[in-house]
Every structure is written in C-alpha cells, then in structure tokens.
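Here you go, one structure.
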Amino acid sequence: MTDQVMMDVQGLEIRFGGVVAAAGINFQIYEGRNLAIIGPNGAGKTTFLNMCTGYLKPHAGKIIYEGEDVAGIGPRKLVKKGVARAFQIPQLFAEHSVRENILMAVAAASGYEAPLTRLEDISGASEADRILEMLKCSNLAERPVQELPEGQRKLIDIGVALALKPRLLFLDEPTSGVASTEKFAILEIIAEALEEENVTSVFVEHDEGIVERFADEVAVWNRGEVLYRGTPQDILTHPDVIRDVMGGHV
Amino acid sequence: MKPALFLAGILLCAIAPWIIPNSQVLLTIALSKGLAVLGVIVLLQAGQVSFGHALFYAIAAYGTAFLGKYFGGGELFLAMAIGTISAALAGLLVGLFVVRYRHIFFGMLNLSVSMIFFSILEKFYFITGGSDGLRVERPSVLGIAMERGPFEVVLFYVALVCAVLAMILIHRFLSSPLGNHLRAIKSNEVRLEYLGVSPRLVLLKGYIVSAALCGLGGSLMAVTLGVVTPEYAWWVRSGEFVFIAILGGSGSVGGAFVGALVYEGVRTYASAFAADVWQLILGGVLLVVILFAPKGLIGFIKQRKASNLRPRSSKSAAGEALSK
C-alpha cells in the first residue's frame, strides 16, 4: 500500500434529468489499495465507475490520471492508458470460446493486427493460457462462454480485463449473481490474480463479508455523494453506516 | 472446410466445362458473382447486411468498360486491378459514412448510395451510355489478343484462381485478430470498446475488403458479358447477393461460391425450361433452404457430415448388443 494518488477525482457532477447521480464528488484512488465502494441501490456507484472508465462524460469536474484530465475521453483511450473494467453483467463475445475471448484482448493490447495471422498464432498467445491458469479456468479454455455459469463468466470477464495489462481495474459487483457458497472462492482467485499482476482495484460490492475480507479501504456512497471513507473495520461498524446503508444489520 | 473437400471442389469446378457442354460462361458468371457474395459475407460476420453492394460491383464494371473504351481494349489483369482498387476506394469513401450505423439503417443507407449511383449511370448517358450501357472491349491477356473461344477458357480459369485465392485469403482474414474483432461487432461492441478497439474502424476495414471483393467480381462479370448497364448497380442485384449468401451459407467462405453455382444453375435451367415461372422456382428453392438448412447449403453439408461422424448413442449400442 502506498500514499501515491493514482486517480484524483475533482468536483465530479452528473445528472440524469432531475436525478443527481454525482454531486460534486472529490475523491482519490491510491495506488496499491483495494478500494470497495458500498451504498444502497441508486446511490451512484456504477455511474461513478462509468465516468472513471470513460463510458459517461461528467457535466462538470475533472478526473486526473497520470497528470492528465481524462474525464469523457472514452473507454478506448483510457484502456490504452492502463484503466480497465469488468462489468456487473459480464461483457463477453458470446460466439467465441473462453480462450478466444482472452486472446482477442491480448491481441488488442499488443496492437497486433497483421491481417493474415490466425488469432491463435499471435505472438502473445501463451499469455492467454497464463491468465486462464492464474484464474484457475484452464479447463474451460475451449468452451463457448455462453455455456458457462455466471461465476465463471465473471472470472473470464475479469481475465479479459487483466489481459489488457491494466494498472487500475474497476470491478462492478464482481460477485453479484454468484451462488453464496462460491462468492469467497471466486473473490479469493480474483484477489490473488490482482496481487500477482500488481493491479490496483476499485470494486462495487453489497456483501459486507466480502468487503471486510478483501478491501483495504471502503467508501460509502449515497445520493451521488461520498459519505464516509475508512478501513473496513471502521466503516462496517459505524452506526450511521449500519443504519443507513446496511439496513440496520451487520 | 476440410482441405480434401476444398481441393475436390476446385478440381470438380476446373473440369466441369469439359464434362458439361456450354457451361464455361455460366461457371465464370457464377464465380464472378461468388466473389461479390463473399464480400457480402464478410460484412455478415459483423451482423451487418448490405442491400447496396452492387454499387461496388458496378463501379468496377464501369471502370473496366472505360479502360477498354479509352485504351483500345486494355489488359485483363490491369482491368481487374483497376476495378478492384476503384471499388476499394469507393468502399473507403462510402464506408466512412455508413459504418456509423447498424442493422436496418446500415442496410438502407447502402441501398440509398447504390441507387444514387444507379441514377447517375442512367442520367449521364453521354458518359455512361445511359440505360443502354457501354460495350466492354475484349482485353488482351498478358499482351496477347485472343479470339472469343480461347479468351473464355482463359477467363474461366482466371476467375477460378481468383475465387480460390479469395477463399483462402478471406478465411485467413476472418481467423485473424482483425477478423475476430469484426465478428465481435455482432456480439458485443461495448466490450470491444473496452478492449481499446474502435468498432467503427474495424467495420470500415471489413467494409473496404468487402467492396474490393465486389469490385473484383464486377470486373470479371463486365469482361465475361461484354457489356455494362446501370442494372449492375440496381438494388435487385444487391438483393441477389444477399439471397445467394443465405442460400450458400453466410457462416463460411465456401458458401459464397456454392450458393452462386446453385443459384446460377437453377436460374439458367429454370429460365430455359420454365421461362414464365423461373423466379417462382428460385423463391421456392430459397424457402426450402431456409426451412431445412437455415445455415445454408454449406451448413447443411457440415451438419450431415457431423451427424454421420457422431458415435452411436449408448442406448442404441446397448440395444444392438442385447439383440445379438
């Protein structure tokens, strides 16, 4: 963990009609700290991720990354700068196999576009196998992604993002839709992979147990504002957070 | 497609003119159309249907006609090169505009551009010959002027070589990272953006390749028929390419040529033996294909082969064992 600011969000604002999804957010993401964002539905968590990953352009404010304001520059340029994303609903190429999904990301990251070289013959092909092994999904390599259960699809979605060699990875509810018995096992694999790849992560999560186990820091969101920020122990035992965000239970 | 089957298909096509009398021109026409259909199939990989690709077919055909008109017949390979390059350049220009749209808008915009070109060909009769079109002079082949008979033989084999090369190259292209990114447009453009890849740029590259293939087909067709008319850019022609792609199977490069050969065969013999109802027969053939082979003729052949190769179920094997 360091005190080096990786992404500095200043006065970020966005509205959808009369709904304020970000009301002048000031926020820093620190290198090497796994940050969890919690908050009730409609708090603006995913909107924040959408702005930080270039999908939405804020109406006001700045997102400073590597000394440059990257607000609204679009996902393509951000990916090239080392900011990647995994989705709440896995965004995979349904007609391709697991390995092909990862290979396409490897090819995109290396800019390898020789028109007549087969995808499986590109120079970084072994990288796809390494990522699948790291995510303990080697046995799924040849299966079509649409046949996989949600938990494995989530892992492959994260694998695709990791194949882009990011420095900062945003994960939108990495365990939603996953059976409660599998959540910790999947998060364990993800946490190991992030550490191995030296990737800083920001993840939106509803499960307090997951947050307590895997986050270095927690930020509490509501109505487009950051209400609290601190260590998991401080935040998850904070009486206001328990009452307002967790519905009165821990 | 298995290499042995591929080679057998080429060999069969190569000797067909010697087995079936008067089939040489018909096969050349089918191969020329197959090249254009292959262009349409490239775009179908991205889930986009163009109802206006006859535009590029016509641009190349008129380019070939102009070359012959102003340069004393011209040279076959130069005509093909000029036709292909001019279609590719037109593909770049039109593509810059149409790749911003998807699905029905993409299809209709292609149709509109094609029909604008059709009108230009009709109205600028002092250049294009209007609805009468232009006669295409017979070009020389590597500097050798030929009589009609030998020229048709050479043209057939040139078309066959072009078709084989196009199938190999497009198969490799579609297996490449760029080809896979093109196919990914059909399933998930959002993820493609989050890979750092521009779906528009990928589609534009596919569009140019597709236009070039239509151009090559158009050039060969112009030389084969010896005349070009605005009908080359007519929307029915574009629809015909889509029709053949569905008939042959849009999931495979071979589908373009199998579809074109069957289409031209049915069309020629149906119009010869049932002149009044040949369109009805063609429509009926397509209906049967859609009902019984939704992945086209190539898909049907693959399915049959797969079912023949599939091991018998344990139930039937056990039943056989018990009956012994």
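Each chain gets a letter, A, B and so on, in the order the sequences are listed, and its residues count up from 1.
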Heavy-atom contact with chain B under 4.5 Å, split by part of A:Leu78: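 When you check distances to chain B, no heavy atom of A:Leu78 falls under 4.5 Å.
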B:Leu195 CG to A:Asn101 CG distance, which is reported to the nearest 0.5 Å: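 Result: 8.5 Å between the selected atoms.
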Within 6.0 Å of CD in A:Glu197, more than 12 heavy atoms from elsewhere: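 Count over threshold, so yes.
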Test item: B:Asn188 side-chain N/O and A:Phe93 main-chain N/O as donor-acceptor pair under 3.5 Å: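 No: the side chain of B:Asn188 does not pair with the backbone of A:Phe93.
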Least distance between heavy atoms, B:Phe173 atom then A:Leu116 atom: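 Scanning both residues, the minimum pair turns out to be N-CD2, 3.8 Å.
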Atom CD1 of A:Ile89: over 12 foreign heavy atoms under 6.0 Å: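 Counting neighbours around CD1 of A:Ile89, 12 or fewer heavy atoms of other residues, nucleotides or ligands fall under 6.0 Å, so no.
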Residues, nucleotides or ligands: over 12 heavy atoms within 6.0 Å of B:Phe292 CZ: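 Incorrect, the count does not exceed 12.
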Gap separating the CG atom of B:Asn180 from the CD atom of A:Glu100, nearest 0.5 angstrom: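 Separation between the atoms: 6.0 Å.
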A:Leu103, A:Asp121, A:Ile122, A:Val106 screened by side chain to side chain contact (heavy atoms under 4.5 Å, CB included) with B:Pro177, the one that passes: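 For B:Pro177, the side chain to side chain contact (heavy atoms under 4.5 Å, CB included) check succeeds only for A:Ile122.
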Crowding at CG, A:Asn139 (>12 non-hydrogen neighbours, <6.0 Å):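 Enclosed.
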Anything under 3.5 Å between a donor and an acceptor, one on a side chain of residues 150-159 of chain A, the other on a protein residue two or more places apart or in another chain? List them.
{"unit_1": "A:Arg153", "atom_1": "NH1", "unit_2": "A:Val145", "atom_2": "O", "d": "3.4"}
{"unit_1": "A:Lys154", "atom_1": "NZ", "unit_2": "A:Gln88", "atom_2": "O", "d": "2.6"}
{"unit_1": "A:Lys154", "atom_1": "NZ", "unit_2": "A:Glu173", "atom_2": "O", "d": "2.8"}
{"unit_1": "A:Lys154", "atom_1": "NZ", "unit_2": "A:Ser176", "atom_2": "O", "d": "3.3"}
{"unit_1": "A:Lys154", "atom_1": "NZ", "unit_2": "A:Ser176", "atom_2": "OG", "d": "3.1"}
{"unit_1": "A:Asp157", "atom_1": "OD1", "unit_2": "A:Gln91", "atom_2": "N", "d": "3.3"}
{"unit_1": "A:Asp157", "atom_1": "OD1", "unit_2": "B:Arg191", "atom_2": "NH2", "d": "2.6"}
{"unit_1": "A:Asp157", "atom_1": "OD2", "unit_2": "A:Phe87", "atom_2": "N", "d": "2.8"}

Contact winner vs chain A - B:Gly196, B:Ser187, B:Gly179, heavy-atom pairs under 4.5 Å: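 Maximum pair count with chain A is reached by B:Gly196.
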Heavy atoms from other residues, nucleotides or ligands near OH of B:Tyr157 exceed 12 (cutoff 6.0 Å):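 Above 12, so yes.
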Atom of A:Ala108, atom of B:Val197 and distance for their closest heavy-atom approach: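 It is CB-CG2, 3.6 Å.
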Distance, nearest 0.5 Å, that separates OG of B:Ser175 from CG of A:Leu119: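 So the gap between those two atoms works out to 9.0 Å.
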A:Glu120 atom CD: more than 12 heavy-atom contacts under 6.0 Å: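 More than 12 heavy atoms, drawn from other residues, nucleotides or ligands, come within 6.0 Å of this atom.
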Contacting region of B:Leu174 [heavy-atom separation from chain A under 4.5 Å]: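 Answer is neither: B:Leu174 stays 4.5 Å or more from chain A.
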Point-to-point distance, once rounded to the nearest 0.5 Å, from CD of A:Glu95 to NZ of B:Lys186: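 Going from the CD atom of A:Glu95 to the NZ atom of B:Lys186 covers 4.5 Å.
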Between OG1 on residue A:Thr117 and CG on residue B:Leu178, distance to nearest 0.5 Å: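 CG of B:Leu178 is found 11.0 Å from OG1 of A:Thr117.
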Contacting region of A:Ala84 [heavy-atom separation from chain B under 4.5 Å]: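 A:Ala84 has no heavy atom closer than 4.5 Å to chain B.
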